[in-house]
Visitor: 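What follows is a structure written as structure tokens; I'll ask about it next.
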Amino acid sequence: MDKKEVEKRIIENYQQEENMMILVFAQWCVNHGLDPEALYMKAYPNQGNNPALIQALELTVSKEEAGDISNETLLGVLSLFGNDDLAFVVSEEMERLKKN
């Protein structure tokens, strides 16, 4: 395997893992009755629509069908990918949900 193939595989693996992170975020939102696109736009107002998020939304299931995703798991996954702005917005929502 040459260097270009290795680089290509590394990029593909990262993209798959990033897509999984986005799916975890989207499913957590669905599980808590939140709009993933609205939260994403609040965190990243200048980015516009995120095609990966839209694709992830197609893969989410209803709250009743989904397994539980803990707050800690979501925040850990977001921080793993450096999504600090989104983690901040999600943390605010977690606090709001806790109060209600």
Visitor: Using 0.5 Å steps for rounding, measure from the CD atom of Glu7 to the CG atom of Asp2.
Guide: 9.0 Å

Visitor: Tell me, yes or no, whether the heavy-atom count around Glu92 atom CD, taken from other residues, nucleotides or ligands under 6.0 Å, exceeds 12.
Guide: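 Yes, because the 6.0 Å sphere around CD of Glu92 holds more than 12 heavy atoms from other groups.
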
Visitor: Only counting residues at least two apart or in another chain, list the ones meeting side-chain hydrogen bond (donor to acceptor under 3.5 Å, both in side chains) with Tyr44.
Guide: Asn83

Visitor: Should the pair Lys8-Glu5 be classified as a salt bridge under the 4.0 Å nitrogen-to-oxygen rule?
Guide: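 Answer for the salt bridge query: no.
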
Visitor: Out of Val77, Val30, Leu39, which residue meets the side-chain contact (heavy atoms from CB on, under 4.5 Å) rule with Phe25?
Guide: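 Single pass found, and it is Leu39.
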
Visitor: Which atom names give the shortest non-hydrogen contact between Leu53 and Pro36, and what distance separates them?
Guide: CD2-O, 3.9 Å

Visitor: Kindly compute the distance separating CG (Asn49) from CD1 (Ile54), expressed to the nearest 0.5 Å.
Guide: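 Answer rounded to 0.5 Å: 4.5 Å.
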
Visitor: Side-chain heavy atoms nearer than 4.5 Å, only ILVMFWY residues, links allowed to pass through others: does that put Val61 and Leu23 together?
Guide: no

Visitor: Could you report the tightest heavy-atom contact between Asn31 and Gly67, atom names first, then the distance?
Guide: ND2-O, 3.2 Å

Visitor: Going by the side-chain contact (heavy atoms from CB on, under 4.5 Å) test, name the single residue among Val90, Leu74, Ile69, Asn71 that passes it with His32.
Guide: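 It is Asn71, the one option of Val90, Leu74, Ile69, Asn71 that forms the side-chain contact (heavy atoms from CB on, under 4.5 Å) with His32.
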
Visitor: In the structure I gave you, are the side-chain heavy atoms of Leu34 and Trp28 within less than 4.5 Å of one another anywhere?
Guide: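 Of all side-chain heavy-atom pairs linking Trp28 with Leu34, at least one is under 4.5 Å.
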
Visitor: With a 4.5 Å heavy-atom cut-off, do Glu37 and Leu57 have their side chains touching?
Guide: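 A side-chain contact under 4.5 Å exists here.
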
Visitor: Got Cys29 and Asp35 here, is their nearest side-chain heavy-atom distance under 4.5 Å?
Guide: no

Visitor: Ignoring hydrogens, what is the shortest heavy-atom contact between Ala52 and Ile22? Give both atom names and the distance.
Guide: CB-CD1, 3.5 Å

Visitor: Do Lys99 and Arg96 have side-chain heavy atoms sitting under 4.5 Å apart?
Guide: no

Visitor: Applying ring pair (Phe, Tyr, Trp, His ring centres under 6.0 Å), name anything that partners Phe81, two or more places apart in sequence or on another chain.
Guide: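 Phe81 satisfies ring pair (Phe, Tyr, Trp, His ring centres under 6.0 Å) with Tyr14 only.
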
Visitor: Find out if a path of hydrophobic residues (ILVMFWY) with successive side-chain heavy-atom gaps under 4.5 Å connects Met21 to Leu80.
Guide: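 Result: yes, single cluster for both.
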
Visitor: How far does CE of Met41 sit from CG of Leu86, to the nearest 0.5 angstrom?
Guide: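 So the gap between those two atoms works out to 12.5 Å.
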
Visitor: If only side-chain N and O atoms count, and only distance matters, is there a donor-acceptor pair under 3.5 Å linking Glu17 with Asn13?
Guide: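 Judged by distance alone, the side chains do not pair up.
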
Visitor: For Ser62 and Gln27, work out which heavy atoms get closest and say how close.
Guide: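 Shortest heavy-atom contact: O-NE2, 4.2 Å.
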
Visitor: Thr73: what forms a side-chain hydrogen bond (donor to acceptor under 3.5 Å, both in side chains) with it, not counting sequence neighbours?
Guide: Ser70

Visitor: Tell me, do Met94 and Leu75 make a side-chain contact under 4.5 Å, heavy atoms counted?
Guide: yes

